[in-house]
Structures are given as C-alpha cells and as structure tokens.
Amino acid sequence: MVANGVTDVVFLCGYKGQTIQEYFGDGSRFGFNAHYSFEREPLGRGGAVRKGLGLVPSSVELVLVTNGDNMTNQPVAELVHLHHGKNALATMMLVPFQSPYGVVEVDNESYVSAFIEKGRLPFWINAGVYVFAREIEDLLPEVGDHETTTFQELAAEKRMAALQSEALWLTVDSPKELREVDEKVRSGALTLA
C-alpha cells in the first residue's frame, strides 16, 4: 500500500471498529496516517465511503477505495493511468470469475472431455477496488450502496472505467479463504507492504 504511494488511510468502521483503531493507531508504525470514520447507524457502503471522504486531506485529488476483505497485488499505478486516460470519475478493478466448483467440459458427442477444478468462467467481476476522483463525493448516497446507485449513473454516462486485471486477487469471507491468504503471504506470492 505505502509502496504504491498511499500516505493516508481512512478506515470506515462499524461493528468492532475500535479493534481496528487499537491495532493501527495513528498508522505511523505502518508508514501512513490513519483516520477513522465511525458509523453511529449503518450507512451502507456508499454512505460510509461518502462520510469517510470527508477525512481525506483536501489536497488529495484521487482516492483509492477498497473493500476491507480483499487482498490483491494489483499495482495502483495501472488503475490511476487508466483512470486519467479515460477521464473517469470512477475506475474499478475487475477480475476473472472463478467457479467455486469443478467445471466439466463436454464435446459435441456428449463425452466428457475435461475436468477443470474451479475453472475460469467467461465473465469479469467487481474486485471491490476503485480509484475515485474527489468530485464523486456529492454523487455518492448518504445512505445506501454506491454500486446500485452512483455506479449505475456513472456507467450510463460513460464516466466509469474498468481495468480487467489478471493480478492476484483474493477475498477473505471464510476461514478457508483466510488460510489461503495466509498461505499466499507466507509463500511471498502476496506481499502486504
């Protein structure tokens, strides 16, 4: 994160947010300035991001926004380069959709031709990693989800770009996925710097 030029991090905190604050403190031991935005009542993802943007230093023109349960080694510079090149208000990272199940291929004669464990499907999914121009702040909902409101409007106006990334991307939604991320970090396939 810091290696990608990040200087300030705003943690959007809900349930157990104090635990996050206790761990990261002011952020200095991690090389960044930590800020905390606490929700008194659930604001939804879009509302939380809108509230948190108020803590970003006013001199910052672009903001990297990411879901808290994602891990990736996607270079931020690629997202920023595409963002500038498309003159977008928002740019999102997309990743290939991996099937959670084994995929079976069948030939034209109805014979099984291949088994592919957790194969790649012909779709791209939202990785939960975004670059936002500061002007997006007023377009985000005060309460609600930015994906069902703001993103729909930006897409219709061609003001949202997408980077189709082949970078390592993992989500941590279960103990199994946490073990997989831990294995990637320990093996050096994913660095946390």
Side-chain angles (χ1 to χ4, degrees), residues 1-14 17 20 27 32-99 120-173 190:
M1 194 169 54
V2 173
N4 282 281
V6 175
T7 59
D8 289 74
V9 174
V10 177
F11 292 97
L12 308 178
C13 300
I20 294 168
F32 58 79
N33 300 309
H35 311 273
Y36 301 88
S37 176
F38 288 93
E39 296 179 34
R40 297 197 195 294
E41 56 193 52
L43 299 175
R45 291 183 304 161
V49 171
R50 181 177 177 146
K51 183 176 190 270
L53 282 173
L55 297 174
V56 174
S58 60
S59 60
V60 174
E61 295 177 13
L62 292 180
V63 179
L64 177 67
V65 176
T66 183
N67 292 350
D69 58 356
N70 291 345
M71 302 288 287
T72 186
N73 62 2
Q74 171 61 52
V76 174
E78 286 181 50
L79 281 163
V80 171
H81 179 74
L82 178 66
H83 183 83
H84 285 306
K86 297 295 182 183
N87 198 26
L89 275 184
T91 299
M92 68 174 14
M93 176 183 165
L94 303 178
V95 293
F97 184 37
Q98 298 292 132
S99 172
R120 180 174 168 170
L121 300 176
F123 303 103
W124 292 86
I125 61 171
N126 180 351
V129 177
Y130 317 102
V131 171
F132 287 168
R134 285 301 288 262
E135 301 90 278
I136 201 172
E137 188 170 354
D138 292 336
L139 301 176
L140 293 168
E142 290 184 20
V143 176
D145 191 300
H146 56 282
E147 290 182 16
T148 59
T149 57
T150 309
F151 283 6
Q152 302 295 323
E153 295 166 15
L154 293 178
E157 297 169 0
K158 293 200 179 284
R159 297 172 70 196
M160 182 162 204
L163 175 70
Q164 292 177 304
S165 174
E166 297 286 345
L168 178 65
W169 175 82
L170 303 165
T171 185
V172 185
D173 292 330
L190 183 65

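We're numbering straight along the sequence, starting at 1. Small disclaimer: the values here were computed from a predicted structure and weren't measured.
When all heavy atoms are compared, the tightest approach of G128 to N126 is N-OD1, 2.7 Å. Residue N73 comes nearest to L168 through the heavy atom pair OD1-N, 2.9 Å, listed as atom of the first residue, atom of the second, then distance. The minimum heavy-atom distance linking R50 with L140 is given by the pair NH1-O, 2.5 Å. Contact detail for G52 and V10: the closest heavy-atom pair is O-CG1, 3.8 Å. Considering every non-hydrogen atom in both H83 and A90, the closest pair reads CE1-N, 3.7 Å. Counting all heavy atoms, side chain and backbone alike, L62 lies closest to A133 at CD2-CA, 3.9 Å.
The residues R45 and E147 are annotated as salt-bridged, a charged nitrogen and a carboxylate oxygen being separated by less than 4.0 angstrom.
The only member of E153, R159, M160 that meets side chain to side chain contact (heavy atoms under 4.5 Å, CB included) when paired with L89 is R159.
Environment of CD in E157: crowded, with over 12 heavy atoms of neighbouring residues, nucleotides or ligands closer than 6.0 Å.
With hydrogens and angles disregarded, a donor-acceptor distance shorter than 3.5 Å links the side chain of T150 to the backbone of L139. Side-chain atoms of N67 never come within 3.5 Å of backbone atoms of D69 as a donor-acceptor pair (strictly under, hydrogens ignored). Using modelled atom types, one side-chain atom of K51 and one backbone atom of F38 make a donor-acceptor pair closer than 3.5 Å.
Considering NE2 of H84 and CD of E61, their distance stands at 7.5 Å, rounded to 0.5 Å. Atom-to-atom distance recorded for M92:CE and F132:CZ is 8.0 Å, nearest 0.5 angstrom. Separation of atoms OG (S37) and CG (L55) is listed at 5.5 Å; rounding is to 0.5 Å.
Taking the six-membered ring where tryptophan is involved, the planes of Y36 and F11 are essentially parallel, since the angle between them stays under 30° and well short of 60°.
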- Task: Please lay out, stage by stage, how I136 and Y130 fare under the test side-chain contact (heavy atoms from CB on, under 4.5 Å).
- Result: CA-CA 12 Å; I136 201 172; Y130 317 102; over 6 Å; no
- side-chain contact (heavy atoms from CB on, under 4.5 Å) between V49 and L43, intermediate numbers included: CA-CA 9 Å; V49 171; L43 299 175; over 6 Å; no
- Test side-chain contact (heavy atoms from CB on, under 4.5 Å) on T72 and M93 and set out the steps. CA-CA 10 Å; T72 186; M93 176 183 165; 3.4 Å; yes
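For the pair E137 and V63, the minimum side-chain heavy-atom distance is 4.5 Å or more. Here the side chains of L163 and E78 are in contact, with some heavy-atom distance below 4.5 Å. Contact check for P96 versus W124: side-chain heavy atoms found under the 4.5 Å cut-off. Using a 4.5 Å heavy-atom cutoff, the side chains of R134 and V56 are in contact. By the 4.5 Å heavy-atom criterion applied to side chains, V60 and D8 are not counted as neighbours.
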